[in-house]
Chemist: 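The structure is given below, and queries will be raised subsequently.
Naming: A, B, ... by sequence-line order, numbering from 1 per chain. Computation of the quantities below employed the complete heavy-atom set of this structure, encompassing side-chain atoms and omitting hydrogens, waters and symmetry-equivalent molecules.
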Amino acid sequence: MQQDYKPKNIEVVVQQYWKEKLAFRAEDQSEKPKYYCLSMFPYPPASCTGHVRNYTIGDVLSRYHRMKGFNVMQPMGWDAFGLPAENAALANNVPPAAWTYSNIDVMRTQLQSLGLGVDWSREVTTCKPDYYRWEQWLFTRLFQKGLIYKKTSSVNWDPVDHTVLANEQVIDGRGWRSGALVEKRDIPMYFMRITQYAEELLADLDQLEGWPEQVKTMQRNWIGKSYGVRFAFPYQLDGKQDKLWVYTTRADTIMGVTFVAVAAEHPLATRAAQGNPALTAFIDECKHGGVAEADIATMEKKGMDTGLKVTHPLTGEQVPVWIGNYVLMGYGEGAVMAVPAHDERDFGFAKKYGLPIKQVITKGRDDGFGDGSGYGGGTASGARSEDGSGTDSGGIDTPFTIVRWQEWYGSKVVGVCINSGKYDGLGYTSAVDSIAADLAVKGLGEKKVQFRLRDWGISRQRYWGCPIPIIHCAHCGDVPVPDEQLPVVLPENVTITGAGSPLAKMPEFYETTCPQCGGAAKRETDTMDTFVESSWYYARYTSPGCTTGMVDERAQYWLPVDQYVGGIEHAILHLLYARFFNKLMRDEGLFGETTFTSVSQKKKSKRGGQNPLMNRLPTCSRKVW
RNA sequence: GCCGGGAUGGCGGAAUUGGUAGACGCGCCGGACUCAAAAUCCGGUGCUGGAGACAGUGUGAGGGUUCGAGUCCCUCUCCCGGCACCA
């Protein structure tokens with residue numbers, strides 16, 4: 001017996017034996033119970049070292065179940081489209097395709113040398129037409145159903161490179177290559193109506209018993225179902241009656257509204273800026289910077305009075321309209337009511353610009369507003385004391401103690417309405433009910449359930465992605481590419497310049513004819529978000545070689561995934577999109593209801609709870625690719 | 001900023017519902033074996049003081065609840081993941 005373990009002598013022989021015997025082939029029919037063990041597929045440019053840990057977990061589980069008598073499927077594939085390939089192309093002057101295929105070869109060799117029990121006959125490569133053609137097929141179906149639609153949306157625009165930047169490519173508000181100050185620019189994009197499935201995606205979380213609570217909580221918060229009131233501030237402008245709509249979950253504070261804030265792109269802002277150079281300049285300033293929410297949330301809150309006034313729907317008072325750089329046109333109505341006394345952000349804004357602060361909720365005598373003569377201090381119009389404990393100087397002698405106020409100001413449980421006329425004394429629920437009813441009588445509002453979740457913008461102004469199968473015809477509009485013309489193949493021999501998509505410079509790609517009228521037409525040159533590919537690879541693994549659709553009947557056998565191994569960094573986006581795609585594919589009749597939320601299988605151990613689609617996430621929390 | 005996690009010896013990590021903190025492993029120290037080393041085996045190992053018995057102290061910081069807190073509550077610090085165009 002050898003004293004030392006010499007992997008080159010032993011592992012090569014064993015791996016060759018496994019290969020010849022097809023030791024890890026997963027049978028599509030079997031008397032044995034099936035066990036689908038899915039490790040998230042790698043992005044091939046990444047170095048292999050980070051994957052070892054992750055794939056070892058899946059391999060251990062797979063081998064354990066094989067020994068326990070399961071028909072195990074452990075597949076592997078490549079998440080092969082993506083931005084880094086274009087960056088590498090720029091740096092090394094290699095086409096993204098060649099670079100990607102070369103990386104895949106290296107990585108396959110590395111993974112195989114680990115001796116993982118993978119059924120390599122199921123290998124999936126997302127940048128190959130046999131994979132992405134079915135993605136295009138689904139796109140055309142969803143487009144016809146109205147589940148994909150076009151609207152404008154803001155992107156990061158590099159004014160020097162004349163190109164759209166990913167959030168990652170914006171560093172401190174500047175383009176990573178040009179160093180130019182990035183601007184927001186509105187361009188047309190295709191969106192998937194994930195919001196149409198919001199309720200179902202939320203409700204299903206309760207069925208995913210094997211999922212970590214942490215992940216389910218993050219998804220619940222992301223979907224963000226809220227119960228509020230949508231209402232309007234009427235106004236008259238240019239001789240016309242109109243309404244400014246807002247949404248709030250704190251309708252009980254509506255009597256404390258002292259201003260409204262609209263996004264820089266809001267029609268009212270645009271109108272107010274006419275003939276007002278200062279406002280125009282401010283709106284322009286709001287366009288600086290990127291579109292990432294983290295940046296917007298942390299930047300300094302700025303605003304400017306438009307000079308316009310709208311009418312409070314209940315009091316009839318005139319309320320000033322401000323432009324706020326923190327109000328986003330794409331979210332909700334692009335306008336918010338501001339109640340400085342009971343919202344921290346509004347409070348900061350009001351303090352900065354000297355706007356009135358009107359208390360309308362109190363928790364009692366010790367509410368921090370106190371005026372020394374019974375609670376309910378009226379208008380704490382100043383609240384400018386810097387240390388938060390002094391007395392304001394706003395005319396009314398109203399002490400305002402931020403420290404005590406901060407303990408409760410945002411609570412829906414503590415406190416009742418004051419300074420609110422007929423609503424005085426009401427708690428949160430009864431105040432909202434009463435106010436919503438009064439708004440409804442006036443035709444100015446109603447209760448509304450709203451989701452934080454937004455529709456999924458899938459257009460990318462990139463080359464290395466799946467082409468969006470749409471043809472633009474001057475006569476017929478946006479026409480989906482007919483099935484018989486799929487796939488729309490991405491040309492692989494291109495030169496990347498870093499300024500705009502190469503596809504938009506290739507007449508041989510974009511010049512085409514309209515499938516409907518036969519006239520000259522232009523092919524869409526945007527590609528899809530790479531999350532689209534990773535949203536259904538788990539299903540494609542079940543049906544290798546299928547040329548008739550995304551999947552075939554084998555999907556029904558193998559799904560749901562019994563065990564998923566992936567990093568926590570995918571807890572929201574990827575895993576939400578994957579759940580969404582499961583529903584889209586279900587609704588196309590590709591498989592049944594249970595492929596994500598099956599409850600038919602027996603529970604095994606506490607650890608391996610069997611019912612959900614991907615039933616446990618041993619989170620390897622390192623971001624390794 | 002918002003959402004979700006985390007912080008325990010030199011290191012990786014244990015500690016069921018609130019009940020002997022540091023299991024197990026690595027490393028380190030001592031010993032055995034050996035001419036010597038490696039490997040192996042035995043013993044020790046949170047920190048401080050002490051020759052030792054032992055004493056004090058100790059789970060990011062500060063408060064609190066409790067007979068009792070790594071565990072529950074409040075405040076804070078730092079770190080990690082996500083924030084919709086990195087994947």
Chemist: A/Leu453 near the nucleic acid: base, sugar-phosphate alone, or nothing, with a heavy-atom cut-off under 4.0 Å?
Modeler: base

Chemist: To the nearest Å, give me how far apart CG (A/Asp529) and C1' (B/A87) are.
Modeler: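 Atom CG in A/Asp529 sits about 10 Å away from atom C1' in B/A87.
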
Chemist: If we take the P atom in both B/A15 and B/C72, what is their distance in whole Å?
Modeler: 14 Å

Chemist: In whole angstrom, give me the gap between the C1' atoms of B/A32 and B/A39.
Modeler: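 14 Å, rounded to whole Å.
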
Chemist: Any side-chain N or O of A/Arg460 under 4.0 Å from OP1/OP2 of B/C85?
Modeler: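 Yes, within the criterion.
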
Chemist: Rounding to the closest angstrom, what is the interatomic distance between B/A14 and B/A84 at atom P?
Modeler: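 Going atom to atom, P in each nucleotide, I get 33 Å.
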
Chemist: Have a look at A/Tyr131 and tell me which of A/Trp78, A/Tyr537, A/Trp536 forms a ring pair (Phe, Tyr, Trp, His ring centres under 6.0 Å) with it.
Modeler: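 Option passing the ring pair (Phe, Tyr, Trp, His ring centres under 6.0 Å) with A/Tyr131: A/Trp536.
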
Chemist: What is the distance, to the nearest angstrom, from the CZ atom on A/Phe451 to the C1' atom on B/A84?
Modeler: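 Taking atom C1' of B/A84 as the reference, CZ of A/Phe451 is at 17 Å.
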
Chemist: When the C1' atoms of B/A61 and B/G6 are compared, how many Å lie between them, rounded to an integer?
Modeler: 16 Å

Chemist: I want to check one thing: is the phosphate of B/C2, taken as OP1 and OP2, less than 4.0 Å away from some side-chain N or O of A/Asn221?
Modeler: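 Negative; the distance criterion is not met.
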
Chemist: Taking B/G64 as the reference, what is the distance to B/U16 when you measure between their P atoms (whole Å, please)?
Modeler: 26 Å

Chemist: Is A/Asp526 paired with A/Arg460 through a side-chain N to carboxylate O contact shorter than 4.0 Å?
Modeler: no

Chemist: How is A/Val170 classified with respect to the nucleic acid when contacts are heavy atoms under 4.0 Å: base, sugar-phosphate, or nothing?
Modeler: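 Touches nothing.
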
Chemist: From the options B/C85, B/A84, B/C86, select the nucleotide whose nearest atom is closest to the side chain of A/Glu168.
Modeler: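 It is B/C86.
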
Chemist: Closest approach to the side chain of A/Ile572, judged atom by atom: which nucleotide of B/G82, B/A84, B/C86 is it?
Modeler: B/G82

Chemist: With respect to the side chain of A/Arg452, which nucleotide from B/G81, B/C85, B/A84 is positioned closest?
Modeler: B/A84

Chemist: Looking only at atom C1', what distance separates B/A55 and B/G18, rounded to whole Å?
Modeler: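 27 Å, rounded to whole Å.
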
Chemist: Are the side chain of A/Arg523 and the backbone N or O of A/Phe509 linked by a donor-acceptor pair below 3.5 Å?
Modeler: yes

Chemist: Which value, in whole Å, describes the distance between the C1' atoms of nucleotides B/G9 and B/G4?
Modeler: 29 Å

Chemist: Quick check for you: among B/G4, B/C85, B/G1, whose closest atom lies nearest to any side-chain atom of A/Ala294?
Modeler: B/G1

Chemist: Give one of base, sugar-phosphate or nothing for A/Leu573, where a contact means two heavy atoms less than 4.0 Å apart.
Modeler: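 A/Leu573: base contact, heavy atoms under 4.0 Å.
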
Chemist: Between A/Tyr190 (OH) and B/C85 (C1'), how many Å, whole number?
Modeler: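 These atoms are roughly 18 Å apart.
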
Chemist: Looking at A/Asp130, I'd like to know if its CG atom is crowded, meaning that more than 12 non-hydrogen atoms belonging to other residues, nucleotides or ligands lie closer than 6.0 Å.
Modeler: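 Atom CG in A/Asp130 is packed in, count exceeds 12.
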
Chemist: For the ring pair (Phe, Tyr, Trp, His ring centres under 6.0 Å) test, which of A/Phe531, A/Trp222, A/Tyr538 pairs with A/Tyr577?
Modeler: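 Looking at A/Phe531, A/Trp222, A/Tyr538, the match for A/Tyr577 under the ring pair (Phe, Tyr, Trp, His ring centres under 6.0 Å) is A/Phe531.
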
Chemist: Looking at the side chain of A/Pro84, which of B/A87, B/G4, B/C85 is the nearest nucleotide?
Modeler: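 Among B/A87, B/G4, B/C85, the one nearest the side chain of A/Pro84 is B/A87.
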
Chemist: Of the listed nucleotides (B/C86, B/C83, B/A87), which one gets closest to any side-chain atom of A/Trp222?
Modeler: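 Of B/C86, B/C83, B/A87, B/C83 is nearest to the side chain of A/Trp222.
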
Chemist: Is the shortest distance from a Lys or Arg side-chain nitrogen in A/Arg177 or A/Asp161 to a carboxylate oxygen in the other one below 4.0 Å?
Modeler: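 Result for this pair is yes, salt bridge flagged.
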
Chemist: Rounding to the closest angstrom, what is the interatomic distance between B/G70 and B/U17 at atom C1'?
Modeler: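 Roughly 15 Å separates the two C1' atoms.
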
Chemist: So, does A/Tyr541 use its side chain to make a donor-acceptor pair with the main chain of A/Gly77 at under 3.5 Å?
Modeler: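 Looks like yes, one N/O pair under 3.5 Å.
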
Chemist: Select one nucleotide: of B/A87, B/C85, B/G81, the one nearest the side-chain heavy atoms of A/His570.
Modeler: B/A87

Chemist: Let me know the distance between OH of A/Tyr577 and P of B/A87, rounded to the nearest Å.
Modeler: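 For the pair A/Tyr577 OH and B/A87 P, the rounded distance is 12 Å.
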
Chemist: Could you work out which one of B/G5, B/A87, B/C85 sits closest to the side chain of A/Tyr43?
Modeler: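 Closest of the options to the side chain of A/Tyr43: B/A87.
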
Chemist: Which part of the nucleic acid, if any, lies within contact of A/Thr217, taking any heavy atom under 4.0 Å across all strands shown: a base, the sugar-phosphate backbone alone, or nothing?
Modeler: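 Answer is sugar-phosphate: A/Thr217 comes under 4.0 Å of backbone atoms only.
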
Chemist: So does A/Thr530 get a side-chain nitrogen or oxygen closer than 4.0 Å to the phosphate oxygens (OP1/OP2) of B/A87?
Modeler: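 Yes, within the criterion.
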
Chemist: Counting any heavy atom closer than 4.0 Å, what does A/Gly457 reach on the DNA or RNA strands: base, sugar-phosphate only, or nothing?
Modeler: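 Since only primed, P, OP1 and OP2 atoms lie under 4.0 Å of A/Gly457, the category is sugar-phosphate.
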
Chemist: Using the side-chain heavy atoms of A/Ala297, tell me which of these nucleotides is nearest: B/G1, B/C86, B/G4.
Modeler: B/G1

Chemist: Is there a donor and acceptor pair closer than 3.5 Å between the side chain of A/Gln461 and the base of B/C85?
Modeler: yes

